[in-house]
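Each chain gets a letter, A, B and so on, in the order its sequence line appears, and its residues count up from 1.
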2 protein chains.
Amino acid sequence: MAKGRPREFDAEEALDKAMMVFWQQGFEGASLSDLTEAMGISRPSLYAAFGNKEELFRRALERYVETGPAAKYFAALAEPTARVVVERLLRDAAQSLTDPCHPAGCLSVQGALSCSEAAQSIKDELSALRCNGEAALTERFERAKAEGDLPASSNPAVLARYVAALLQGMAVQASGGATREQLLDVAEMALGSWPS
Amino acid sequence: MAKGRPREFDAEEALDKAMMVFWQQGFEGASLSDLTEAMGISRPSLYAAFGNKEELFRRALERYVETGPAAKYFAALAEPTARVVVERLLRDAAQSLTDPCHPAGCLSVQGALSCSEAAQSIKDELSALRCNGEAALTERFERAKAEGDLPASSNPAVLARYVAALLQGMAVQASGGATREQLLDVAEMALGSWPS
DNA sequence: CCCATTAATTACCGATCGGTATAGAATAGC
DNA sequence: GCTATTCTATACCGATCGGTAATTAATGGG
């Protein structure tokens, strides 16, 4: 098994580096030279290991969802009540969006919020990802409503869209340099008027 | 006065076309070819009239602020009470962000939320613009607080940041294809818990 | 009418874009 | 050791990027 020359770099490490570059510069703003330099590998190695720029982005995004900040998002849905779910979503977001260990903001928002026609499929994939996150939150709120955890009069889809919009707005603020404290203020403000 | 050959295009019309392209594709995603095609002028005409791509963007942004959606934002601050200001901000945003007459979303958000180092100054200018809008809202809330229009316990800066985040999040949602009704739901949800 | 001035057109510039052909280096199985 | 296989390194590809030089066309002032 495993014939041939072994690769001299760790694929997951390289992917993490690529993720950071896409995170900071967006899909189109990240050039192959930026990527190879950050990943510490040559251009042919990148193509051999990851296909092309678009597939590399998808792999990086996958990693962002599975092991990055997006993983905490889905983990928060497991909290026992809707109120605690939202508390964790907003507070974790304030924390993660300003974590100095990685670029400010959210890859799913700033990866390709606008782009040329050539990158349309990337933009669509990102908005589909955000939509999935919102849908998962809607389901969580539907469950909460069924459990009497949210008022019977509440509208889970609207609540989820509201929270999603707030999180995405916090991501824009973080991208613009907002501090963790400022984002926490926004989070607490929203929590102060949460219906439960 | 006015010597030389007269230009064959209307500069403001051309600027509006450029604004649309930047709005849809972002600063970096919009190529000179995209721009000249949409503006209906040749490349040297563009450079003679507007300097270069960066200055063209700044001119288009200026126009966006003065005569575009951003103008309505500042107009809303003139409403008599904080409550009505926020009502108009959120509802006008839901309307404008999904107006089929122009690209979905907000130029100040999707013009360059992330970019390469080469476009950093554009990104900075946009985040400064958003920051100005937020600061103007803070001042409006301070006035409202002084007028007893907002509770004495309220924090104008936090309220403004909360509203700004919500608006920016709505812009992200619109960019992803959210409908006007969906954004209005978010607006009404936020208004339902407004402190006054 | 002629000239100075400005705009439009064509054709082009070097640089960088994403992507690859080719050849050499390192492994496993035989 | 030899071969098949896989990775790495150099050097390169056509296309497109933002930006311009040079020429021609249209105006106003003298």
### Query
Atom CZ of B:F50 and atom P of D:dG19: how far apart are they, to the nearest Å?
14 Å
### Query
Does A:K3 make a side-chain N or O approach to OP1 or OP2 of C:dG29 shorter than 4.0 Å?
no
### Task
Please work out which residues in residues 24-39 of chain B have a non-hydrogen atom less than 4.0 Å from an atom of DNA chain D and list them by number.
B:A30, B:S31, B:L32, B:S33
Give me, pair by pair, the N or O atoms of the protein and of nucleotides 7-10 of chain D that are less than 3.5 Å apart, along with how far apart they are.
| from | atom 1 | to | atom 2 | distance (Å) |
| --- | --- | --- | --- | --- |
| D:dC7 | O4' | A:R5 | O | 3.2 |
| D:dC7 | O2 | A:R5 | NH1 | 3.3 |
| D:dT8 | OP1 | A:E8 | N | 2.6 |
| D:dT8 | OP2 | A:S45 | OG | 3.0 |

#### Entry: Partners meeting side-chain hydrogen bond (donor to acceptor under 3.5 Å, both in side chains) with A:E28 (sequence neighbours left out)
A:S116
### Message
Strictly by ring pair (Phe, Tyr, Trp, His ring centres under 6.0 Å), give each pair with a member in residues 114-146 of chain B just once, sequence neighbours left out.
### Response
B:F141-B:W194
### Task
Examine D:dG19: is either OP1 or OP2 under 4.0 Å from a nitrogen or oxygen in the side chain of B:Y47? Give yes or no.
yes
### Query
What is the distance, rounded to the nearest whole Å, between atom CG of A:N52 and atom C1' of C:dC17?
14 Å
### Query
What's the shortest heavy-atom distance between A:M170 and A:V186, and which atoms?
CG-CG1, 4.1 Å
#### Entry: Those residues that, when tested against A:R88, pass side-chain hydrogen bond (donor to acceptor under 3.5 Å, both in side chains) (two or more places apart)
A:E79, A:D92
### Query
Which ring pair (Phe, Tyr, Trp, His ring centres under 6.0 Å) pairs, counting each pair once, include a residue from residues 30-66 of chain A, with sequence neighbours left out?
A:F22-A:F57, A:W23-A:Y64, A:F27-A:F57
### Message
I'd like to check the side chain to side chain contact (heavy atoms under 4.5 Å, CB included) partners of B:R180; sequence neighbours left out, ordered by chain and number.
### Response
B:Q95, B:T98, B:D99, B:P100, B:L184
### Task
Take atom CD of B:E117 and atom P of C:dA15, then tell me their distance rounded to the nearest Å.
19 Å
#### Entry: Rounded distance in Å - CZ (A:F57) to P (C:dG18)
14 Å
### Message
Restricting to salt bridge (Lys or Arg N to Asp or Glu O under 4.0 Å), what partner residues turn up for A:D149, sequence neighbours left out?
### Response
none
### B:E54: side-chain hydrogen bond (donor to acceptor under 3.5 Å, both in side chains) partners, not counting sequence neighbours
B:R58, B:S121
